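Below is one structure; the comments refer to it alone.
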Amino acid sequence: MSRKKILLIGDLVNLGDAYLAEVEGRYLRQQGFRVVMAPHRLSEGEIVDHFSSQEMKVLSIKEQPLSFISSCFLADIFIGGGHAIRESVSLRWLLYVLLAVYIVKASGGKITVVGAGATMVTNKIKHTLWSLILSCCSDIRMRDSISASIIAKNFSHISNRVQITTDVAFLQLYAPTI
């Protein structure tokens with residue numbers, strides 16, 4: 001049985017984030033994977049129903065933390081697309097994601113940053129948590145050279161693993177392996 005793919009995505013109330021989630025989820029579904037969308041918080045029913053109709057489960061990290069954490073066993077995690085690596089996330093979200101990353105890693109899974117954007121993380125606690133999360137990633141694929149440069153500068157210990165790929169929005173056009 002193949003591992004399920006958990007997509008750490010932006011909140012689905014943002015149409016851009018919802019589009020990126022759909023492109024990435026659809027790509028993985030077409031390859032036969034089970035997909036779990038993991039936004040920070042739940043959206044209204046229509047978008048959840050939309051993803052459910054495409055056989056993609058939606059689990060809120062904020063409102064369903066135990067379900068989210070338990071879904072990480074025997075899974076792979078994809079962080080991004082969108083503006084994924086940033087300071088403007090809650091400490092609680094970062095702690096849940098770090099726990100999820102450790103569970104995925106302990107159960108033999110992969111953690112990948114895919115087509116993500118980034119800004120500097122200057123808060124010491126958030127920087128430390130992001131650093132721990134990114135250290136567990138097998139691939140760190142940024143959507144543009146500015147984001148790649150920010151990651152390489154802000155997290156120098158992983159700079160040798162940073163790659164520039166395309167934005168997830170173009171996944172259907174170029175179909176790189178994620």
Side-chain angles (χ1 to χ4, degrees), residues 1-86 88-117 129-130 133-134 136-141 143 165-173 175-178:
M1 180 161 72
S2 67
R3 292 179 163 274
K4 70 181 149 284
K5 308 301 182 186
I6 299 175
L7 310 181
L8 298 185
I9 55 175
D11 284 329
L12 297 174
V13 295
N14 176 313
L15 291 180
D17 288 344
Y19 173 75
L20 293 174
E22 178 155 5
V23 169
E24 190 175 357
R26 207 181 266 180
Y27 176 81
L28 291 167
R29 285 287 305 132
Q30 288 171 351
Q31 294 185 31
F33 294 109
R34 292 174 294 142
V35 174
V36 176
M37 302 285 181
H40 173 66
R41 60 191 160 129
L42 278 179
S43 304
E44 296 303 316
E46 278 185 31
I47 194 76
V48 173
D49 293 345
H50 173 73
F51 285 118
S52 295
S53 73
Q54 296 182 49
E55 298 179 16
M56 293 184 256
K57 188 174 185 173
V58 178
L59 283 177
S60 163
I61 295 171
K62 180 179 180 181
E63 286 120 353
Q64 301 166 291
L66 295 178
S67 294
F68 165 68
I69 293 299
S70 67
S71 74
C72 294
F73 290 97
L74 301 175
D76 295 323
I77 287 180
F78 292 93
I79 302 170
H83 184 190
I85 302 167
R86 63 190 193 278
S88 63
V89 294
S90 72
L91 285 174
R92 182 167 78 171
W93 183 88
L94 282 167
L95 289 169
Y96 283 138
V97 170
L98 181 60
L99 178 57
V101 161
Y102 285 157
I103 289 169
V104 166
K105 207 151 170 72
S107 67
K110 253 178 88 170
I111 301 97
T112 303
V113 174
V114 54
L129 294 172
W130 270 119
I133 292 165
L134 293 172
C136 293
C137 293
S138 56
D139 294 297
I140 302 168
R141 299 178 181 143
R143 68 182 177 192
T165 60
T166 188
D167 192 300
V168 170
F170 301 110
L171 188 60
Q172 292 175 305
L173 296 175
T177 303
I178 60 171

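This one's a predicted model, so the numbers in the text were calculated from it and none came from an experiment.
Within the 4.5 Å cutoff, side-chain heavy atoms of W130 are placed close to those of V89. Between I79 and L8 there is a side-chain heavy-atom pair separated by less than 4.5 Å.
Partner R26 forms a side-chain hydrogen bond (donor to acceptor under 3.5 Å, both in side chains) with one of E22, E24, Q30 and no other, that one being E22.
Taking both residues in full, the closest heavy atoms of I77 and A100 are given as CD1-CB, 3.9 Å, listed atom of the first, atom of the second, then distance. Scanning all heavy atoms of the two residues, the minimum distance from C72 to V104 falls at O-CG2, 3.4 Å. Across all non-hydrogen atoms, the minimal contact from S71 to A75 is O-CB, 3.6 Å. Nearest heavy atom pair, residue Q54 against residue R29, reads O-NE, 3.5 Å. When every heavy atom of Y102 is checked against every heavy atom of C136, the shortest pair comes out as CE2-SG, 3.6 Å. The shortest heavy-atom contact between F73 and K4 is O-NZ, 3.4 Å.
Between atom OG of residue S107 and atom CZ of residue R3 there is a gap of 4.5 Å, rounded to the nearest 0.5 Å. Interatomic distance, I111 CD1 to I133 CD1, rounded to the nearest 0.5 Å: 10.0 Å. Distance NZ/K62 to CZ/F68: 15.0 Å, rounded to 0.5 Å. The CD atom of E63 sits 7.5 Å away from the NE2 atom of H40 when rounded to the nearest 0.5 Å. Interatomic distance, L12 CG to L20 CG, rounded to the nearest 0.5 Å: 10.5 Å. Within the model, atoms NE2 of H50 and CE of M56 stand 6.5 Å from one another, a figure rounded to the nearest 0.5 Å.
Salt-bridge formation is not detected for the pair D76/K110: no Lys NZ or Arg NE/NH1/NH2 atom is positioned less than 4.0 Å from an Asp or Glu carboxylate oxygen.
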- Message: Set out, in order, the CA-CA distance, both residues' side-chain angles and the distance that settles side-chain contact (heavy atoms from CB on, under 4.5 Å) for V36 and I6, then state yes or no.
- Response: CA-CA 5 Å; V36 176; I6 299 175; 4.1 Å; yes

- Task: List the steps, then state whether side-chain contact (heavy atoms from CB on, under 4.5 Å) holds for I85 with L134.
- Result: CA-CA 10 Å; I85 302 167; L134 293 172; 3.8 Å; yes

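A donor-acceptor pair is defined here as one N or O able to donate and one able to accept, closer than 3.5 Å; no such pair exists between the side chain of R86 and the backbone of G117. Not one N or O on the side chain of T112 forms a donor-acceptor pair closer than 3.5 Å with the backbone of V114. A donor-acceptor contact shorter than 3.5 Å is absent between the side chain of T165 and the backbone of R143. A donor-acceptor pair under 3.5 Å links the side-chain atoms of N14 to the main chain of G16, judged by distance alone.
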